[in-house]
Number of protein chains: 2
Amino acid sequence: MSEKRLRDAIDTLKESGVRITPQRHAVLEYLLSSMSHPTADEIYKALEGKFPNMSVATVYNNLRVLKEIGLVRELTYGDSSSRFDCTTSEHYHIICNSCGKIVDFHYPSLDEVESLAEQVAGFDISYHRLELYGTCEECKAVGTEKH
Amino acid sequence: MSEKRLRDAIDTLKESGVRITPQRHAVLEYLLSSMSHPTADEIYKALEGKFPNMSVATVYNNLRVLKEIGLVRELTYGDSSSRFDCTTSEHYHIICNSCGKIVDFHYPSLDEVESLAEQVAGFDISYHRLELYGTCEECKAVGTEKH
DNA sequence: TTATTAAATAATAATCTTTATAATCAGTTT
DNA sequence: AAACTGATTATAAAGATTATTATTTAATAA
């Protein structure tokens with residue numbers, strides 16, 4: 001199943017005329033297998049063992065390429081660094097303000113909101129983002145919320 | 001009207017036991033009067049004339065304080081710097097991928113989405129963000145979209 | 001009004017993330 | 001094999017934000 005997603009993604013890369021280097025393959029594979037919406041630095045550290053000489057720039061370059069093709073989406077929250085997520089299926093995110101955990105949230109796409117926005121603002125809307133913020137179960141229990 | 005919003009905001013500051021310094025007052029006033037969701041640097045530059053000796057750190061400190069009290073919200077998009085927005089009334093944002101323009105978008109709050117998220121993820125949801133991305137009228141006309 | 005004190009500011013350094021640059025390397029084509 | 005194209009590495013640079021510290025100041029009460 002995950003294997004199929006990887007093969008599909010690689011096919012997309014080939015169709016786009018993008019070279020499939022070992023580093024690029026590894027970044028893509030890691031993102032597909034990861035459930036944790038990693039930062040560029042986390043990806044870099046995770047692949048350190050397999051590619052001791054890999055540059056951080058390579059991670060950023062590949063994330064940019066994967067983004068441009070549409071295989072990967074960049075998520076920015078209040079914190080310092082971007083997070084990256086494979087755009088396998090449309091979904092939203094729930095973020096814990098206390099521990100930073102990010103949970104996927106599946107909900108029917110808000111198409112009618114997009115339509116209304118097009119009408120009132122005169123935009124062509126191509127996509128949207130929705131994030132819900134709160135406190136996760138564990139942090140509720142511990143009761144050690146930030147701020 | 002805008003005067004009233006400023007007075008209300010200052011009352012909130014007083015209630016929170018936060019000092020009302022000239023710089024803090026100016027940052028708050030600028031944010032309230034601004035329709036443009038400015039960055040920290042834009043605020044800093046805008047107040048340069050009135051406060052030639054003000055430090056950038058002061059802008060950041062005050063934005064943090066105003067955020068903690070709940071008067072201001074931080075918005076992060078793909079680009080490098082955060083934008084800041086007075087949380088006067090609940091609304092969403094429409095962002096042009098071509099020129100970066102940000103337009104306010106009023107829509108009934110998605111309370112049922114929050115409820116569902118609480119149920120499926122076990123979170124206490126406190127608020128949410130929704131952003132719509134696309135091409136604004138001007139950029140559609142010019143047809144000079146990025147990427 | 002003045003004194004007091006905790007908080008805020010200014011100036012600066014430091015950190016952290018991301019991008020840019022240039023040299024090298026690998027795979028492909030001629 | 002030589003040349004070409006794009007990717008990678010190493011490193012520098014840029015840009016945003018945070019931390020530090022000495023100084024100043026707003027709020028409070030004597």
Side-chain angles (χ1 to χ4, degrees), chain A residues 10 13-30 37-69 71-84 100 146-147, chain B residues 10-30 37-69 71-84 100 146-147:
Chain A
I10 287 172
L13 282 179
K14 279 184 184 157
E15 281 160 24
S16 307
V18 173
R19 285 194 194 159
I20 297 152
T21 65
Q23 293 90 335
R24 184 164 291 160
H25 187 281
V27 169
L28 181 59
E29 187 177 18
Y30 182 77
H37 313 85
T39 64
D41 193 59
E42 284 166 0
I43 298 170
Y44 174 63
K45 289 207 165 57
L47 302 180
E48 213 164 36
K50 214 185 282 181
F51 298 91
N53 295 323
M54 184 168 62
S55 168
V56 205
T58 299
V59 176
Y60 280 101
N61 284 340
N62 284 323
L63 288 172
R64 182 176 35 75
V65 169
L66 296 173
K67 252 172 58 185
E68 283 168 1
I69 296 175
L71 285 174
V72 165
R73 187 162 291 180
E74 182 174 358
L75 309 167
T76 56
Y77 305 113
D79 58 347
S80 47
S81 43
S82 289
R83 298 176 167 279
F84 297 87
K146 277 185 198 159
H147 321 155
Chain B
I10 287 172
D11 285 345
T12 307
L13 282 180
K14 281 184 183 158
E15 282 160 24
S16 308
V18 172
R19 285 193 192 162
I20 297 149
T21 65
Q23 294 89 335
R24 184 163 292 160
H25 187 281
V27 168
L28 182 58
E29 187 177 19
Y30 182 76
H37 314 84
T39 64
D41 194 60
E42 283 166 1
I43 298 171
Y44 174 64
K45 289 208 166 54
L47 302 179
E48 215 164 34
K50 213 186 280 181
F51 298 91
N53 294 323
M54 186 168 61
S55 168
V56 206
T58 298
V59 176
Y60 279 101
N61 285 337
N62 284 322
L63 288 171
R64 181 175 37 74
V65 169
L66 295 172
K67 248 172 62 186
E68 283 169 1
I69 296 177
L71 286 173
V72 165
R73 188 161 292 181
E74 182 173 358
L75 309 168
T76 55
Y77 303 113
D79 58 350
S80 47
S81 42
S82 288
R83 299 178 165 277
F84 296 88
K146 277 185 200 160
H147 329 149

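Throughout, a chain's letter reflects where its sequence line sits, starting with A, and its residues are numbered from 1.
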Considering just the side-chain nitrogens and oxygens of [X], establish if one lies under 4.0 Å of OP1 or OP2 belonging to [N].
| X | N | result |
| --- | --- | --- |
| B:Gln23 | D:dT25 | no |
| A:Arg64 | C:dT18 | no |
| B:Thr21 | C:dT9 | yes |
| B:Asn61 | D:dT18 | no |
| B:Tyr60 | D:dT18 | no |

If every non-hydrogen atom of [X] is compared with every non-hydrogen atom of [Y], which pair is closest and at what distance?
| X | Y | result |
| --- | --- | --- |
| B:Thr39 | B:Phe84 | C-CD1, 4.4 Å |
| A:Ala40 | A:Val59 | O-CG1, 3.7 Å |
| A:Arg83 | A:Glu42 | NH1-OE1, 4.1 Å |

Find the distance [X]:[atom1] to [N]:[atom2] and express it as a whole number of Å.
| X | N | atom1 | atom2 | result |
| --- | --- | --- | --- | --- |
| B:Tyr44 | C:dA11 | OH | P | 8 Å |
| B:Glu68 | D:dT18 | CD | C1' | 14 Å |
| B:Phe84 | D:dA16 | CZ | P | 12 Å |
| B:Asn62 | C:dA7 | CG | P | 15 Å |
| B:Arg24 | C:dA10 | CZ | C1' | 14 Å |
| A:Leu13 | D:dA7 | CG | P | 11 Å |
| B:Ile10 | D:dA26 | CD1 | C1' | 14 Å |
| B:Ile43 | D:dA16 | CD1 | C1' | 14 Å |

- Task: Taking side-chain hydrogen bond (donor to acceptor under 3.5 Å, both in side chains) as the test, write out the residues that go with B:Ser82, two or more places apart.
- Result: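 If we apply the side-chain hydrogen bond (donor to acceptor under 3.5 Å, both in side chains) test to B:Ser82, skipping adjacent residues, the hits are B:Glu74.
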- Are any non-hydrogen side-chain atoms of B:Val27 and B:Val72 less than 4.5 angstrom apart? no
- Item | DNA chain D contacts among residues 47-59 of chain A, heavy-atom distance under 4.0 Å |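 Correct list: A:Asn53, A:Met54, A:Ser55, A:Ala57, A:Thr58.
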Only distances under 3.5 Å count here; give the side-chain donor-acceptor pairs of residues 10-18 of chain B to other protein atoms, sequence neighbours excluded, each with its distance to 0.1 Å.
residue, atom, partner, partner atom, Å
B:Thr12, OG1, B:Asp8, O, 3.0
B:Ser16, OG, B:Thr12, O, 2.9

- Say you draw a straight line from CD of A:Gln23 to CG of A:Leu28; how long is it, rounded to the nearest 0.5 Å? 13.0 Å
- Point-to-point distance, once rounded to the nearest 0.5 Å, from CD1 of A:Ile69 to NZ of A:Lys67: 12.5 Å
By the 4.0 Å heavy-atom rule, please label [X] as base, sugar-phosphate, or nothing.
| X | result |
| --- | --- |
| A:Ser82 | sugar-phosphate |
| A:Asp41 | nothing |
| A:Pro22 | nothing |

- Closer to the 5' end of DNA chain C via nearest nucleotide, is it B:Val18 or A:Glu74?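 Nearest nucleotide further toward 5': that of B:Val18.
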- Query: Looking at C:dA6, does its base get a donor-acceptor pair with the side chain of B:Arg19 below 3.5 Å?
  - Reply: yes
